[in-house]
Amino acid sequence: MAKFYAFKTIDSFTVSAGGTVEKTWTADDDYTIHTIRLVETTGASLALLKTTITLDGYAVTKDIVPGSVFVGNWNQLPELDIPISKSQVIKFSFENAGTSDVTIYVVLELWK
C-alpha cells in the first residue's frame, strides 16, 4: 500500500490580472500524486484563477476548475491519487480572470 513519501514544491510565480502562466514538473521517479495544494502568498482569493492540470494529454481537471478547489488544509483537499512515472510531465495552466495579481506556488503530496 502506498504511503506518504515527500512534498514537491513548484517555485513561487505570479499570474497577473488577465494573464496566463504555465508550469511543468518532470517526475524524477515513480510516484502517486495524492493531493495538490495551491498556496497564495498575498492573501488574494483563487476563486477566479482558472486552473487546468494535464498529464501526458490526460486532463486531470477535465477542462477548467477554479484554483480555490486546491486551497485549504491537507485533509480538505481532494484525494487525487494520480500515478506519475519517472520522466512523465505534469502541466499546470493558470488563467487569472480576476482584477488583481496572484502569487502562488504549487505543492504536490507524493506517495510511494
Looking only at non-hydrogen atoms, find the nearest pair between [X] and [Y] and report the distance.
X: Val102; Y: Ala44; value: CG1-CB, 3.9 Å
X: Ser85; Y: Ala27; value: O-CB, 3.5 Å
X: Gly98; Y: Ala17; value: O-CB, 3.5 Å
X: Asp81; Y: Pro83; value: O-CD, 3.4 Å
X: Ala47; Y: Pro66; value: O-CB, 3.5 Å
X: Asp30; Y: Lys112; value: O-CE, 3.3 Å

Following the transitive rule for hydrophobic clusters with a side-chain heavy-atom cut-off under 4.5 Å over Ile, Leu, Val, Met, Phe, Trp and Tyr, establish whether [X] and [Y] coincide in one cluster.
X: Leu48; Y: Ile64; result: no
X: Val89; Y: Val60; result: no
X: Leu55; Y: Ile33; result: yes

- prompt: Under 4.5 Å between any side-chain heavy atoms of Leu38 and Phe92, yes or no?
  reply: no
message: When you compare the side chain of Ser93 with that of Thr20, does any pair of heavy atoms fall below 4.5 Å?
response: no
Could you give the distance from [atom1] ([X]) to [atom2] ([Y]), rounded to the nearest 0.5 Å?
X: Phe70; Y: Ile104; atom1: CZ; atom2: CD1; result: 11.0 Å
X: Glu22; Y: Lys91; atom1: CD; atom2: NZ; result: 4.0 Å
X: Thr32; Y: Leu80; atom1: OG1; atom2: CG; result: 11.0 Å
X: Ile36; Y: Glu109; atom1: CD1; atom2: CD; result: 10.5 Å

Side chain Asn96, main chain Leu49, donor-acceptor under 3.5 Å: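 No; judged by distance alone, with no hydrogens or angles, the pair does not exist.
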query: For Phe94, what residues pass the ring-ring contact (aromatic ring centres under 6.0 Å, His included) criterion, not counting sequence neighbours?
result: Phe13
- request: May I ask you to list the residues sharing a hydrophobic cluster with Val107, side-chain cutoff 4.5 Å, ordered by chain and number?
  value: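 Val107 shares its hydrophobic cluster with Phe4, Phe7, Val39, Trp74, Leu77, Tyr105, Trp111.
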- request: Verify side chain to side chain contact (heavy atoms under 4.5 Å, CB included) between Tyr31 and Leu108, making sure each step is shown before the conclusion.
  value: CA-CA 11 Å; Tyr31 300 108; Leu108 307 177; over 6 Å; no
- request: Using a strict cut-off of less than 4.0 Å between a Lys/Arg side-chain nitrogen and an Asp/Glu carboxylate oxygen, indicate whether Asp28 and Lys8 qualify as a salt bridge.
  value: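 Looking at Lys8 together with Asp28, the answer is no, because their closest N to O distance does not fall below 4.0 Å.
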message: By the side chain to side chain donor-acceptor pair (under 3.5 Å) test, which pairs, at least two apart or in different chains, include something from residues 39-61?
response: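 Applying side chain to side chain donor-acceptor pair (under 3.5 Å) to every pair that reaches into residues 39-61, excluding sequence neighbours, yields Glu40-Thr42, Asp56-Gln88.
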